[in-house]
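Index from 1, following the sequence.
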Amino acid sequence: SADSFFCFIKYLLNCVTSIVFLAAAILFGGLTNQAGAATYTVDTTSDRADVNACTSAPADCSLYGAVVKANNNYDRSNTIVFAIPLTSSGCVGGVCTIIVRKTLKIAPILSAKSLWISNSSGPTRLIISGNYQTLVVLNEGILTLEGVTIKNGSSYAYAGGITNTANGRLTLKNSIVTNNSSTGNSTGNAGGIFSEGQLTVSYSTISNNSTASDGGGIASHGSLTVNNSTISGNTANNAGGGIYTNSGETLQYISNSTISGNTAAQGGGIYNWTKSSSNNLVTLVMQSVTVTNNTATAPGGLGSNSGGVA
């Protein structure tokens, strides 16, 4: 009948449409990316890039090697976790230290895919150290760092601990950034973290970092969100002992956090810089923030050249 014929044609069209969508998903990576996502388990404190088999065999996956594999798997989301035997070299008293002699560079990741580096035992159990010789992490992609300590990084051209580039999106969760230093005196030389991109710091501690420039703890030239965190004991020779913001007209948010014991020439706790054309524009919003015992030659707790603070 005519009705049966038209039902059959409709069925064929639905089939063709499904095949076209399936082909497009495969072609553009939608299904392939999901299937290709990988988890790499770091099982050694070695920093060698060629220790990157990352199989179930013992001691065949260094952090550096896992980052190399994730970078090569750039078109899909990846996860790096840790299962380092406490009997390994570099582990003392239940704390494992990975010394990186070359910066861990997180490459740009296509199609909004991300890299998650997560240590389930928490930051007091895993230290990633620059050994006073190198920047620890340079992020150009979408990166989450969770449950790690970034320590003893040192750089002249970058931040001491972590640099997040303009295209980078960095989330720091339940982590510690401490005792890092930057000896250069120019933009980009924060002590703990320098960010030109998107930076979110949650349930973390940024402490005892130093810079010859601005931002002893954090220098943000992009977007910044800090919540439920402590920024303490950091030092900047110029502005912003704890936090320095220079975001143009981008809002910076700080909530439920403590900023204490930081030191700088200007704005011992926080210095909020805004271009002069943005007078009276609120660029820093703080809610339930304790700013205490910070010291500076100019405003001790909170300094601002022209931008508003709410």
Side-chain angles (χ1 to χ4, degrees), residues 38 40-55 59-74 78-84 88-92 95-109 114-119 123 126-170 172 175-184 186 188-197 199 209-212 219:
Y40 306 108
T41 302
V42 174
D43 57 1
T44 175
T45 57
S46 169
D47 72 330
R48 288 175 50 182
D50 59 351
V51 181
N52 62 6
C54 297
T55 67
D60 74 344
C61 190
S62 71
L63 175 57
Y64 203 102
V67 168
V68 168
K69 289 187 79 74
N71 285 342
N72 290 337
N73 208 24
Y74 60 86
N78 299 285
T79 302
I80 295 174
V81 296
F82 298 84
I84 302 172
S88 300
S89 172
C91 297
V92 178
V95 180
C96 294
T97 299
I98 298 173
I99 296 176
V100 295
R101 293 172 176 82
K102 186 177 180 181
T103 299
L104 296 168
K105 183 178 178 180
I106 312 303
I109 299 173
S114 62
L115 174 61
W116 193 300
I117 299 178
S118 179
N119 174 46
L126 179 65
I127 298 170
I128 304 172
S129 170
N131 202 32
Y132 305 102
Q133 296 177 351
T134 186
L135 165 70
V136 180
V137 177
L138 174 61
N139 178 51
E140 297 179 331
I142 302 173
L143 173 65
T144 297
L145 287 171
E146 181 177 23
V148 300
T149 291
I150 304 296
K151 186 176 182 179
N152 298 341
S154 181
S155 176
Y156 180 83
Y158 296 97
I162 305 171
T163 289
N164 185 46
T165 64
N167 293 322
R169 288 165 54 185
L170 173 64
L172 190 72
S175 292
I176 299 169
V177 177
T178 188
N179 205 39
N180 302 283
S181 64
S182 179
T183 56
S186 62
N189 293 128
I193 304 172
F194 174 80
S195 177
E196 289 184 299
L199 173 61
N209 304 284
S210 63
T211 180

Can you see which heavy atom on [X] is nearest to which on [Y], and at what distance?
X: Gly191; Y: Thr211; result: N-CB, 3.5 Å
X: Ser62; Y: Gly65; result: OG-N, 2.8 Å
X: Ala159; Y: Gly192; result: CB-O, 4.2 Å
X: Ile193; Y: Ala190; result: O-CB, 3.3 Å

Measure the shortest side-chain to side-chain distance between [X] and [Y] over non-hydrogen atoms and say whether it is less than 4.5 angstrom.
X: Leu170; Y: Val137; result: no
X: Cys91; Y: Thr45; result: yes
X: Asn78; Y: Leu115; result: yes
X: Val67; Y: Tyr40; result: no

Donor-acceptor pair, [X] side chain versus [Y] backbone, under 3.5 Å?
X: Asn72; Y: Ala70; value: no
X: Asn139; Y: Ile162; value: no
X: Asp43; Y: Asp60; value: yes
X: Thr44; Y: Ser46; value: yes

How many angstroms lie between atom [atom1] of [X] and atom [atom2] of [Y], to the nearest 0.5 angstrom?
X: Leu126; Y: Lys151; atom1: CG; atom2: NZ; value: 12.0 Å
X: Tyr64; Y: Asp47; atom1: OH; atom2: CG; value: 8.5 Å
X: Glu146; Y: Leu172; atom1: CD; atom2: CG; value: 9.5 Å
X: Leu145; Y: Ile80; atom1: CG; atom2: CD1; value: 9.5 Å

Pairs under 3.5 angstrom only: tabulate donor-acceptor contacts from the side chains of residues 96-107 to other protein residues two or more places apart or in another chain.
residue, atom, partner, partner atom, Å
Thr103, OG1, Thr134, OG1, 3.0
Thr103, OG1, Leu135, O, 2.7

Heavy-atom count check: over 12 atoms from other residues, nucleotides or ligands less than 6.0 Å from Asn167 CG?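 No.
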Please say whether more than 12 non-hydrogen atoms of neighbouring residues, nucleotides or ligands are located less than 6.0 Å from OH in Tyr158.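 No.
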Apply side-chain contact (heavy atoms from CB on, under 4.5 Å) to residues Ser175 and Val148 and explain how you reach the verdict. CA-CA 5 Å; Ser175 292; Val148 300; 3.8 Å; yes
Kindly write out the residues that satisfy side chain to side chain donor-acceptor pair (under 3.5 Å) with Ser182, not counting sequence neighbours, or none if the list is empty.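 By the side chain to side chain donor-acceptor pair (under 3.5 Å) rule, Ser182 matches Asn189.
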Apply the test side-chain contact (heavy atoms from CB on, under 4.5 Å) to residues Asn179 and Asn152: give CA-CA distance (whole Å), side-chain angles for both, the deciding distance (0.1 Å), then the verdict. CA-CA 5 Å; Asn179 205 39; Asn152 298 341; 2.7 Å; yes
Which residue is it: Leu63, Val51, Asn119? I am looking for the one with a side chain to side chain contact (heavy atoms under 4.5 Å, CB included) to Val42.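 That would be Leu63; it is the only one of Leu63, Val51, Asn119 passing the side chain to side chain contact (heavy atoms under 4.5 Å, CB included) with Val42.
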